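Some notes on the structure that comes next.
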There are 2 protein chains.
Amino acid sequence: MSKPKTPPRLRFESHQIDKVDATILEALDADARLSMADLGRLIGMSAPAVSERVRRLETAGVIRGFSLDVDTRALGYEIRALVRIRPFPDKLHLVEKLIQETPQVIEYDRITGDDPFLARLVARSVEEMDEVVKTFCEHAVTSTCVIKSSSHTRRLPPLHGP
Amino acid sequence: MSKPKTPPRLRFESHQIDKVDATILEALDADARLSMADLGRLIGMSAPAVSERVRRLETAGVIRGFSLDVDTRALGYEIRALVRIRPFPDKLHLVEKLIQETPQVIEYDRITGDDPFLARLVARSVEEMDEVVKTFCEHAVTSTCVIKSSSHTRRLPPLHGP
DNA sequence: GTTGAAAATAGCACGAA
DNA sequence: TTCGTGCTATTTTCAAC
């Protein structure tokens, strides 16, 4: 009797990563420019082995990319704010386009609840912030709050391997 | 007559970066693992030159670090949510500590307005999300909304050089 | 800023567990 | 499959200019 075929076993189909991958993710999250050699030394593996693991994490979509953590304040953007945006009737798409095209908006979420959007924006001054918010106010009800401080960098949730 | 002494001119004291630095930031923001050699070819400079510019951007605090963009969904966290948190009287510090110690909270902001905190959390299910929120509810009034979708990665604001 | 040389690294083929 | 070794091309780093 032939052995029953198991479906092709994708390593991440069960959303499970092992401890080595978890360590890799944590290390690269702390410093995405670590060399594969250093990473290998860190976890006791050869550079090609970790390199292939990183590549697999990329193709599996776990690692979406490698990015910069920029301090917008050091660039002169003294103000950070969160703006909840509730477009007027039939203005949803227009407002979303406006949000996307506003360069001071560095990130936004489409959310459930009364306000469909939450935008994170930066500005060089309260005046600039107000100008940006005013452009939204032409087509939406907005609610703005200034960020006093933040957790410094977005961190990883628990990574539990088998 | 002796030349009047100009104060030591820090490049970023005026929060101004030149076009080359702006290009470097944009390129590294898109792919933080670009080699200095590639970066140099991109902007028409030698590798040591870009390397030093990147180092200066780091010491100036413009570049805070190099990080990973991880898709939490690929790790099994199906739910992302934003929770506004208003601690009960005298519970502000306790709640902030709780927020910090909750591993599903990947980021939070201290903000102005009625709700002092906004936390971004991930969860493997609605049930897990509810469990996390419940722990906050013991010491605070909360308001939760689920994220339907997001702008994919946080982008840079305008970088205008001289 | 650039160039050039030395050390470190990345990427590949191959063989072993 | 996954990892290790050995090789070569590339990159990083440091020096001198």
Side-chain angles (χ1 to χ4, degrees), chain A residues 2-69 159-162, chain B residues 6 8-14 16-60 62-70 74-76 159 161-162:
Chain A
S2 72
K3 228 162 97 184
K5 257 204 183 108
T6 53
R9 185 75 171 82
L10 273 67
R11 174 124 77 110
F12 303 109
E13 90 187 350
S14 61
H15 303 303
Q16 294 257 344
I17 61 173
D18 63 18
K19 277 178 184 161
V20 175
D21 285 331
T23 307
I24 289 174
L25 287 178
E26 279 160 5
L28 285 179
D29 187 59
D31 179 7
R33 287 195 67 97
L34 269 179
S35 71
M36 296 301 117
D38 278 339
L39 253 180
R41 279 185 281 270
L42 186 68
I43 63 185
M45 250 192 202
S46 70
V50 275
S51 186
E52 204 178 311
R53 272 175 180 265
V54 170
R55 209 169 36 73
R56 275 200 292 262
L57 286 164
E58 287 186 68
T59 59
V62 176
I63 294 178
R64 208 166 355 193
F66 303 88
S67 65
L68 260 192
D69 180 14
L159 313 168
H160 18 225
Chain B
T6 53
R9 185 74 172 82
L10 274 66
R11 176 125 74 113
F12 303 110
E13 88 187 351
S14 60
Q16 294 257 345
I17 61 174
D18 63 18
K19 278 178 184 163
V20 174
D21 285 329
T23 307
I24 288 174
L25 288 178
E26 278 161 6
L28 285 179
D29 186 60
D31 179 7
R33 285 193 70 93
L34 268 179
S35 71
M36 296 300 117
D38 276 340
L39 255 180
R41 279 185 279 271
L42 185 68
I43 64 186
M45 250 190 200
S46 68
V50 263
S51 188
E52 201 179 313
R53 271 175 182 265
V54 170
R55 197 191 350 272
R56 274 201 289 261
L57 287 165
E58 287 187 68
T59 59
V62 176
I63 294 179
R64 209 165 354 191
F66 302 88
S67 64
L68 260 193
D69 180 15
V70 169
L75 293 172
L159 312 167

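Treat the numbers as computed from the prediction; the structure is a model and nothing was measured.
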*Going by heavy atoms closer than 4.0 Å, what residues in residues 23-32 of chain A are next to DNA chain D?*
none
*For DNA chain D, determine which residues of residues 47-54 of chain A have any heavy atom closer than 4.0 angstrom to one of its atoms, and list them numerically.*
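The stretch gives A:Pro48, A:Ala49, A:Arg53 as the residues lying under 4.0 Å from the strand, ordered by number.
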_Minimum-distance pair of heavy atoms, taken over all atoms of B:Leu68 and A:Leu25_ =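 Heavy-atom minimum between the residues: CD1-O, 3.6 Å.
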*Which heavy atom in B:Ala27 sits nearest to a heavy atom in B:Leu42, and how many Å separate them?*
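Nearest heavy atoms, B:Ala27 then B:Leu42: CB-CD2, 3.8 Å.
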*Starting from the 5' end of DNA chain C, give me the residue, B:Arg33 or B:Val20, whose nearest nucleotide shows up first.*
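With B:Arg33 and B:Val20 compared, the 5'-side residue is B:Val20.
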Identify, with sequence neighbours excluded, every residue that meets side chain to side chain donor-acceptor pair (under 3.5 Å) alongside [X].
{"X": "A:Glu52", "result": "A:Arg56"}
{"X": "B:Arg55", "result": "none"}
{"X": "B:Arg53", "result": "B:Asp18, B:Asp21"}

*With heavy atoms under 4.0 Å as the rule, sort A:Arg56 into base, sugar-phosphate or nothing.*
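It contacts sugar-phosphate atoms only.
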I'd like to know if the side chain of [X] and the backbone of [Y] have a donor-acceptor N/O pair within less than 3.5 Å.
{"X": "A:Thr23", "Y": "A:Lys19", "result": "yes"}
{"X": "B:Arg64", "Y": "B:Glu58", "result": "no"}
{"X": "A:Arg33", "Y": "B:Ala32", "result": "yes"}

*asked:* Can you tell me how far apart CG (A:Leu34) and CD1 (A:Ile24) are? Round to the nearest 0.5 Å.
replied: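 Here the rounded value is 11.0 Å.
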_Spatial distance of atom CG (B:Asp69) from atom CG (B:Asp29) [nearest 0.5 Å]_ =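 B:Asp69 CG to B:Asp29 CG: 10.0 Å, rounded to 0.5 Å.
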*Only counting residues at least two apart or in another chain, list the ones meeting salt bridge (charged side-chain N to carboxylate O under 4.0 Å, His left out) with A:Asp31.*
none
_Non-hydrogen side-chain atoms of B:Val54 and B:Phe66 separated by less than 4.5 Å_ = yes
*Got a sec, which residues hit side chain to side chain contact (heavy atoms under 4.5 Å, CB included) with B:Ala74, two or more places apart in sequence or on another chain?*
A:Val62, B:Asp71
*What residue among B:Leu57, B:Leu39, B:Val50 forms side chain to side chain contact (heavy atoms under 4.5 Å, CB included) with B:Leu28?*
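Option passing the side chain to side chain contact (heavy atoms under 4.5 Å, CB included) with B:Leu28: B:Leu39.
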*Going by heavy atoms closer than 4.0 Å, what residues in residues 61-69 of chain A are next to DNA chain C?*
none
*Provide, to the nearest angstrom, the distance between the CG atom belonging to A:Leu34 and the C1' atom belonging to D:dT12.*
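Whole-Å distance recorded here is 15 Å.
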*What are the bounds, 5' to 3', of the part of DNA chain C that sits under 4.0 Å from heavy atoms of chain A?*
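In short, chain A contacts DNA chain C from C:dT9 to C:dC12.
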Provide a list of protein-nucleic acid N or O atom pairs under 3.5 angstrom, restricted to nucleotides 7-11 of chain D.
from, atom 1, to, atom 2, distance (Å)
D:dT11, OP1, B:Arg41, NH2, 3.0
D:dT11, OP2, B:Arg41, NH2, 3.2

*For DNA chain D, what dot-bracket results from Watson-Crick or G-U pairs at under 3.5 Å, with [ ] for crossers and | for inter-strand partners?*
|||||||||||||||||
*For residues 36-47 of chain B, which residue pairs qualify under salt bridge (charged side-chain N to carboxylate O under 4.0 Å, His left out), counting only residues two or more places apart or in two chains?*
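Of all non-adjacent pairs touching residues 36-47 of chain B, those that pass salt bridge (charged side-chain N to carboxylate O under 4.0 Å, His left out) are B:Asp38-B:Arg41.
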